[in-house]
Amino acid sequence: MDIYLVGGAVRDRLLGLPVKDKDWVVVGTTPQHMLDQGFSQVGSDFPVFLHPKTKEEYALARTERKSGKGYTGFECYAAPDVTLEQDLMRRDLTINAIAESQDGTLFDPYQGQQDIEKRQLRHVSQAFVEDPLRVLRVARFAARFAPQGFTVAPETLALMQEMVADGELEALTPERVWQEWERALHTERPDIFLTVLRQCGALGIVMPEIDALFGVPQPEKWHPEIDTGIHTLMVSYQAALLSDDPVIRFSAQVHDLGKALSPKAELPSHKLHCQLGMDVIRQLCQRLRVPNHYRDTALMVCAQHTKVHRAQEMRPATFIRLFDQIDAWRKPERVEQLAICCRADIRGRTGFEDDPYPQADILQDVFAAVQTVEVKPIIEAGYQGAAIKEQLAIRRAEAAAQVLGR
């Protein structure tokens with residue numbers, strides 16, 4: 001039997017990137033022979049084995065044939081007569097279809113190295129259309145490798161557009177959509193994920209709430225980019241520069257969803273977008289099975305971001321109410337999350353990319369001050385019941401006033 005290193009490990013090494021996980025393909029053998037060699041089989045859909053020592057995955061070379069709708073309707077054939085070239089043909093992108101033998105020789109039947117040089121994400125074969133999840137995967141790869149200069153090949157983007165038009169994405173489950181979205185949030189350019197999905201028409205299918213923002217105008221005085229969808233992409237980019245926390249990045253992407261519901265007669269004004277956006281975020285998160293901590297942080301940012309923008313004018317007591325509303329006393333990390341999202345919101349505008357945004361610093365400085373106020377002295381002073389809470393609020397407001405110089 002012959003063993004080859006395949007997929008991301010080969011690709012990332014050729015790109016000069018750290019190699020994290022190694023996957024192997026085994027040609028010319030049987031499941032029983034793998035078991036006899038001490039490998040343990042995992043999964044039931046096709047033969048994948050764990051190495052007895054390294055626990056890395058070794059898959060038998062296989063072919064796949066479409067047998068139903070969606071991304072699960074496949075028949076797999078794994079046998080000693082399946083060649084390496086046949087196995088690589090079933091893969092999504094040419095840069096992921098390069099194999100390396102144990103002596104270091106590269107096997108590249110679909111010109112993956114050439115596409116690495118061209119910085120192109122190109123599909124291996126027409127079989128790409130058989131798996132609708134690949135549309136989201138390509139968008140995610142575009143987000144991941146954008147810093148290296150990669151873009152989606154025109155012919156691949158056209159194929160993705162055909163898949164969307166043919167209704168292939170309707171078969172995707174919410175869990176798989178969220179899985180790809182969350183992975184994209186860990187890349188350097190999560191905004192590119194949304195951009196590519198919009199370019200191929202998939203954004204309106206899997207995330208219609210975000211797609212609805214494109215074409216919605218904002219006041220040019222405050223938003224020179226005008227289009228709310230473009231603003232959302234810009235905020236997404238800024239949030240990724242400011243934080244690698246996927247929860248913050250998600251919240252930044254959905255903070256303005258309410259603007260798509262602003263009355264047309266009031267455009268480009270969006271006076272109620274914070275209130276309108278709350279239900280949209282809830283519906284989106286429920287539909288895609290988004291984890292609660294993502295949802296709750298996004299709701300907080302949606303509800304509070306316009307208040308933070310006015311931090312320089314806010315009264316001390318208003319800060320205390322805001323901290324109460326976001327449950328900052330039990331979840332202090334929320335203050336920083338809110339501050340970062342608000343900074344990204346301000347910088348996510350044409351010409352404001354380097355805005356200093358002192359409001360975020362004020363918010364965090366005030367919170368640091370009010371956290372020093374202790375309950376124990378209030379109790380020792382003889383206050384009881386509701387009076388304790390009242391006195392605590394008063395003393396916190398006094399601490400805030402000192403920071404604000406008021």
Side-chain angles (χ1 to χ4, degrees), residues 121 132-153 156-157 160-161 163-164 169 172 174-218 223 225-260 273 277 280-281 283-285 287-290 294-295 297-298 301-302 305 340-341 344-345 347-350 353:
L121 302 174
L133 189 64
R134 287 177 170 175
V135 171
L136 274 68
R137 280 174 52 82
V138 170
R140 174 166 59 83
F141 278 121
R144 178 179 177 184
F145 293 117
Q148 284 75 39
F150 277 84
T151 58
V152 181
T156 299
L157 185 62
M160 292 162 63
Q161 291 169 340
M163 293 170 68
V164 173
L169 271 65
L172 292 176
E175 291 82 1
R176 296 307 293 269
V177 172
W178 169 246
Q179 185 180 61
E180 291 300 320
W181 190 359
E182 185 176 33
R183 287 177 177 175
L185 291 170
H186 287 274
T187 68
E188 288 189 48
R189 292 296 303 273
D191 59 304
I192 297 295
F193 177 70
L194 300 179
T195 298
V196 172
L197 290 182
R198 177 162 171 78
Q199 288 174 339
C200 70
L203 190 64
I205 304 298
V206 296
M207 303 169 199
E209 297 87 351
I210 295 180
D211 191 62
L213 296 174
F214 289 87
V216 176
Q218 303 167 110
H223 288 276
E225 72 284 352
I226 299 177
D227 191 291
T228 307
I230 294 174
H231 169 60
T232 296
L233 295 178
M234 296 176 71
V235 175
S236 176
Y237 174 62
Q238 291 295 330
L241 291 178
L242 293 167
S243 173
D244 59 5
D245 182 352
V247 176
I248 289 176
R249 294 176 172 194
F250 172 77
S251 301
Q253 289 184 348
V254 302
H255 81 286
D256 266 349
L257 293 186
K259 287 185 176 180
H273 78 279
V280 184
I281 291 173
Q283 292 164 10
L284 168 66
C285 292
R287 189 182 76 255
L288 295 184
R289 315 289 195 269
V290 177
Y294 279 88
R295 178 201 63 201
T297 305
V301 173
C302 177
H305 69 277
I340 292 174
C341 285
D345 185 30
R347 291 183 174 177
R349 301 177 295 160
T350 301
E353 293 84 355

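- Applying side chain to side chain contact (heavy atoms under 4.5 Å, CB included) to T195 and the options I230, L233, L203 leaves one that passes, L233.
- Of all the heavy atoms in L194 and M207, the pair that sits closest is CD2-SD, 3.9 Å.
- Counting only heavy atoms from C-beta outward, the side chains of D244 and E188 never approach each other to under 4.5 Å.
- Scanning for side chain to side chain contact (heavy atoms under 4.5 Å, CB included) contacts around E182 gives W178, H186, Y294, with sequence neighbours left out.
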Side chains of residues 138-153: which donor-acceptor partners sit under 3.5 Å, not counting sequence neighbours?
| residue | atom | partner | partner atom | Å |
| --- | --- | --- | --- | --- |
| R140 | NE | E180 | OE1 | 2.5 |
| R140 | NH2 | E180 | OE1 | 3.2 |
| R144 | NH2 | D12 | OD2 | 3.1 |

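- Taking CH2 of W181 as the start and CG of L136 as the end, the distance is 10.5 Å to the nearest 0.5 Å.
- With rounding to the nearest 0.5 Å, the separation of CG in L242 from CD1 in I248 is 8.5 Å.
- Atom CE of M234 is separated from atom CZ of R349 by 9.0 Å, given to the nearest 0.5 angstrom.
- Of all non-hydrogen atoms in L213 and D227, the two that sit nearest each other are O-OD1, 3.7 Å.
- For the residue pair V206 and P208, the shortest heavy atom distance occurs at C-CD, 3.5 Å.
- Nearest heavy atom pair, residue L257 against residue E209, reads CD2-O, 3.5 Å.
- Judged by distance alone, with hydrogens and angles left aside, the side-chain atoms of R289 form a donor-acceptor pair with the main-chain N or O of R287 at under 3.5 Å.
- Using modelled atom types, no side-chain atom of Q199 and backbone atom of Q161 make a donor-acceptor pair closer than 3.5 Å.
- Within the 4.5 Å cutoff, the side chain of R134 has no heavy atoms near those of the M160 side chain.
- Checked against a 6.0 Å centroid threshold, the rings of H273 and H255 do not count as neighbours.
- Residues A202 and L169 come closest through the heavy atom pair CB-CD2, 3.4 Å.
- For the atom pair T232 OG1 and D345 CG, the distance stands at 9.0 Å (nearest 0.5 Å).
- A donor-acceptor pair is defined here as one N or O able to donate and one able to accept, closer than 3.5 Å; no such pair exists between the side chain of Q253 and the backbone of S236.
- Here CD of E175 is found 9.0 Å from CG of L288. Values are rounded to the nearest 0.5 Å.
- Across every non-hydrogen atom of C200 and L157, the tightest pair is CB-CD1, 3.9 Å.
- Interatomic distance, D245 CG to T297 OG1, rounded to the nearest 0.5 Å: 8.0 Å.
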